Amino acid sequence: MPEKQKNRESGFFVFLTIFFKNESQIEKKLYLIYVKNIFKIARRFWNALSFALLFRQTCARTKSAAACDELPPELRGKIFEADSSEADDPVLAVAKSVFGVTHLYPWQRLVIGNILDAAADSLCQEQNSAQAQNCVGDMTDAFCLGRQIVLLPTGAGKSMCFLLPAVMLPGPTLIFYPLLALMADQKRRLEQNGIECAVFKGGQSAEERQENFKRLAAGAKIILANPEVLQGGGLLARLKQFNISHIAIDEAHCVAEWGDTFRPAYLTLGKIIEDLGVPLVTAFTATASPTVLNRVSQVLFGGNVHVVRGESDRPNIHYSVKMAWAKKKAALRLAATEQKPMIIFCGTRAKSEDMARELGENFGFDKVRFYHAGLSRQEKDAVEKWFFPKDDAILCCTCAFGMGVDKADIRTVVHLEPSPTAESYIQEAGRGGRDKKLSKAILLWSRADSFNFEKFAPKSRERVLKNFAEAKSCRRQVLLDALGGERTICSGCDICDAKKSSAWKAPSVFDADDARLVHKFIWKNQNYYSKNKVVQFTLQKLNAVDRKIFGLNVWDSSDIKGILEQLEQSGSVYNAGFLWNGALAAEKEISSPPRRHPLCLRLRPLSSLLPFWLERGRALCGALASAAFLRIARQKRQNSSKELSPPRL
């Protein structure tokens, strides 16, 4: 018999001798065999469970591989074509195949991206209108991006901004031109590219009109018209039947410059847009003074519009990323430390209201408001009048925040939730520093954001924000590259600033202070505390830190649970298993990949096991002692009953 087994059995024998003093040697041996058999059964059960788990994982891998083999030959490998330009940039693919254009300017991508994103959001809301009424707070307000005025210089490619979406949208696009010569020139260019279009203008016969309607019924994607031709209700009603997806107004400054004099039909464009019920409207112009711009926005959009300018790089905006896994608390800290006026962009209406409520509780409700598309016109006007003159205000808003509050001195723009695309982020960050003075654009980034954006293709426009947030080089250049812009010398970002220091280290999503504090606590207390206990102790630590800033406790248990969820998702923290009573354990480094056994069976220092096993040992000893006491008491009762019973005659 091996020496270790002898020592183990002798130890059990001593244990049984202490607790079963009155038992015979044979009974003690029987108890020893019983205990050994229990441990053998437990060991076999453990091995069988481990084998079953590994077998299940192997079957899953085999099944997924077989599923890939069952794909048709033409679809095999398409999922992994990260280098395919058509898969990564469908807009450029359409531009090449239809118009022969091999390059798009950054501002063109901004405008086209807004139109396509707003179209997708509007379509989603139409398909789920009943559900949207019940979940208004979860709306993202992305459809507001479809109402924009585009200021581009002559020759900058304005026509491509509405012709490309026209080919990609489901319904036709209605384009208003001020001159018949421009309409004729555009018709000629479209026909050269093999694109059917319908032209409506004054002086057409009934046969010509009917021919245009036949083209639209056959699938023509573009309608060319001037404002005067739509003054009669008959043509407007016929066009409404074709479900127009987008309206573009070229040379939109004519609304203000000609509408009040010799072209009054321009002033009816707002009513025409409303009658057609088109959610996407874009007005294009080369130059416009603030007065003209305001007049155009009032006539066409009722004053609620986004303005896109040809400048894609704003040198006075300093880009930075703050790693935070409890982002609402990070936004609170930025509101206390960064310069104001401040805008905090939130993902949904409900989040903007919730963030404003939390800020108001800490800074006073007279300094905080929220703004989103769900507000009435009167409520929006009240927020705009409140925000415009203040120099210490904080506005929590969705992407619906636009020209209605054209405040020039916004010093800080914080993104609580990342924008869906680089185009959206550049425009929202550009709300700051309109007075050409230094302004900060701060993106809050968490492990959950990184995981969500990981799902997109590596070179897709949706993946750019992940590349931006986790960049190892200039953040400004990441945004310009996403728009196809030229290389530039960075005028301000946190990475380029940090590189000037000799102690610079590449940033990581795991550099969040809140996540590191929670991870460090679990690592120092391996297998000691359950999730609820970890939440309780780390809540005290984080509140102690922020109490110095706010003077009160701002953290709650939901914040810690959100951090723990992300730590468990990354594999840095995990449940140690039933052997440690469900306590939490952690890898040594927060960013290190998990190397543990699938069932979390991993040797730990003896000191980490003592508290749990001592408690279980005391419970076991108590149970055995109670059993022994009851056994002895039962035997004594039997002996006493024998002594008291009368002798048999």
Side-chain angles (χ1 to χ4, degrees), residues 57 60-61 63-65 67-68 70-71 75-93 109 112-114 116-121 123-125 127-128 131 135 138-142 145 168 321-327 345-348 351 398-399 415-426 428 443-472 475 478-479 481-483 507-512 515 562-574 590-591 593-594:
Q57 293 175 345
R61 285 194 292 267
K63 185 176 180 181
S64 63
C68 289
E70 293 172 2
L71 288 173
L75 294 181
R76 261 178 223 162
K78 289 291 184 182
I79 299 172
F80 305 101
E81 288 182 354
D83 296 330
S84 171
S85 61
E86 293 187 5
D88 299 331
D89 197 345
V91 175
L92 186 59
R109 289 185 178 273
I112 295 169
N114 283 347
L116 297 179
D117 290 344
D121 192 72
L123 182 63
C124 181
Q125 290 191 32
Q127 292 175 348
N128 304 282
Q131 183 178 357
C135 304
D138 293 332
M139 294 175 67
T140 61
D141 291 346
L145 298 176
M168 304 177 73
V321 175
K322 172 72 175 174
M323 302 299 176
W325 293 19
K327 297 197 290 184
F345 277 102
C346 306
T348 64
K351 288 181 180 178
T398 64
C399 60
H415 275 77
L416 184 70
E417 307 288 337
S419 304
T421 61
E423 295 94 331
S424 300
Y425 182 74
I426 289 173
E428 290 165 4
L443 172 64
L444 298 177
W445 191 256
S446 68
R447 176 64 177 78
D449 295 326
S450 180
F451 179 79
N452 292 334
F453 278 76
E454 188 76 29
K455 302 172 185 176
F456 298 113
K459 294 184 179 180
S460 63
R461 56 193 289 260
E462 293 85 1
R463 185 69 175 265
V464 174
L465 259 291
K466 177 178 169 65
N467 301 336
F468 170 80
E470 301 176 13
K472 304 294 188 291
R475 299 195 196 276
V478 172
L479 295 177
D481 289 344
L483 298 178
S508 165
V509 69
F510 296 100
D511 290 337
I563 295 174
L564 284 174
E565 259 181 49
Q566 297 176 73
L567 286 170
E568 289 176 329
Q569 188 183 52
S570 68
S572 303
V573 168
Y574 54 92
I590 187 173
S591 57

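Being a predicted model, the structure only gives us computed values, none of them experimental.
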**Check: Ile590 main-chain N/O paired with Ser572 side-chain donor or acceptor under 3.5 Å** = yes
**Item:** Separation between CG of Leu92 and CD1 of Ile112, rounded to the nearest 0.5 Å
**Value:** 9.5 Å
**Prompt:** Is there a salt bridge (Lys or Arg N to Asp or Glu O under 4.0 Å) between Arg463 and Glu454 once you walk through the steps?
**Reply:** CA-CA 7 Å; Arg463 185 69 175 265; Glu454 188 76 29; 3.4 Å; yes
**Asked** Does any non-hydrogen side-chain atom of Phe451 lie less than 4.5 Å from one of Ser570?
**Response** no
**Prompt:** Roughly how far, to the nearest 0.5 Å, is NZ of Lys472 from CG of Asn467?
**Reply:** 10.0 Å
**Prompt:** When rounded to the nearest 0.5 angstrom, what is the spacing between CG in Leu443 and CD in Glu428?
**Reply:** 10.5 Å
**Message:** Could you measure the distance from the CZ atom of Phe456 to the CG atom of Leu465? Nearest 0.5 Å is fine.
**Reply:** 10.0 Å
**Asked** Looking at residues at least two apart in the chain, or sitting in another chain, which of them share a salt bridge (Lys or Arg N to Asp or Glu O under 4.0 Å) with Glu470?
**Response** Lys466
**Asked** Hey, what do you get for OG (Ser424) to CD (Glu462), rounding to the nearest 0.5 Å?
**Response** 10.0 Å
**Request:** Keeping the roles fixed (side chain from Gln566, backbone from Ala448), state whether a donor-acceptor pair exists under 3.5 Å.
**Result:** yes
**Prompt:** Under a 4.5 Å cut-off applied to non-hydrogen side-chain atoms, are Thr421 and Val464 in contact?
**Reply:** no
**Message:** Do Val91 and Met168 make a side-chain contact, defined as non-hydrogen atoms from C-beta onward lying under 4.5 Å apart?
**Reply:** yes
**Sidechain-backbone polar pair: Glu417 side chain, Cys346 backbone, donor-acceptor under 3.5 Å** = no
**Asked** Would Phe453 and Trp445 satisfy ring-ring contact (aromatic ring centres under 6.0 Å, His included), going step by step from the backbone distance to the final call?
**Response** CA-CA 11 Å; Phe453 278 76; Trp445 191 256; 5.5 Å; yes
**Message:** For the backbone of Trp325 and the side chain of Arg447, can you confirm whether one donor and one acceptor N or O come within less than 3.5 Å of each other?
**Reply:** no
**side-chain hydrogen bond (donor to acceptor under 3.5 Å, both in side chains) between Ser508 and Asp511, intermediate numbers included** = CA-CA 5 Å; Ser508 165; Asp511 290 337; 4.7 Å; no
**Message:** Could you tell me if the side chain of Tyr425 sits less than 4.5 Å from the side chain of His415, heavy atoms only?
**Reply:** yes
**Message:** Treating Asp449 as the side-chain partner and Ser446 as the backbone partner, does any N or O pair qualify as donor plus acceptor under 3.5 Å?
**Reply:** yes
**Prompt:** To the nearest 0.5 Å, what is the distance between CD1 (Ile426) and CG (Leu479)?
**Reply:** 4.5 Å
**Asked** Would you say Leu567 and Gln569 make side-chain contact, with heavy atoms under 4.5 Å?
**Response** no
**Request:** Give the minimum heavy-atom separation between Ala471 and Val478, together with the two atoms involved.
**Result:** CB-CG2, 4.1 Å
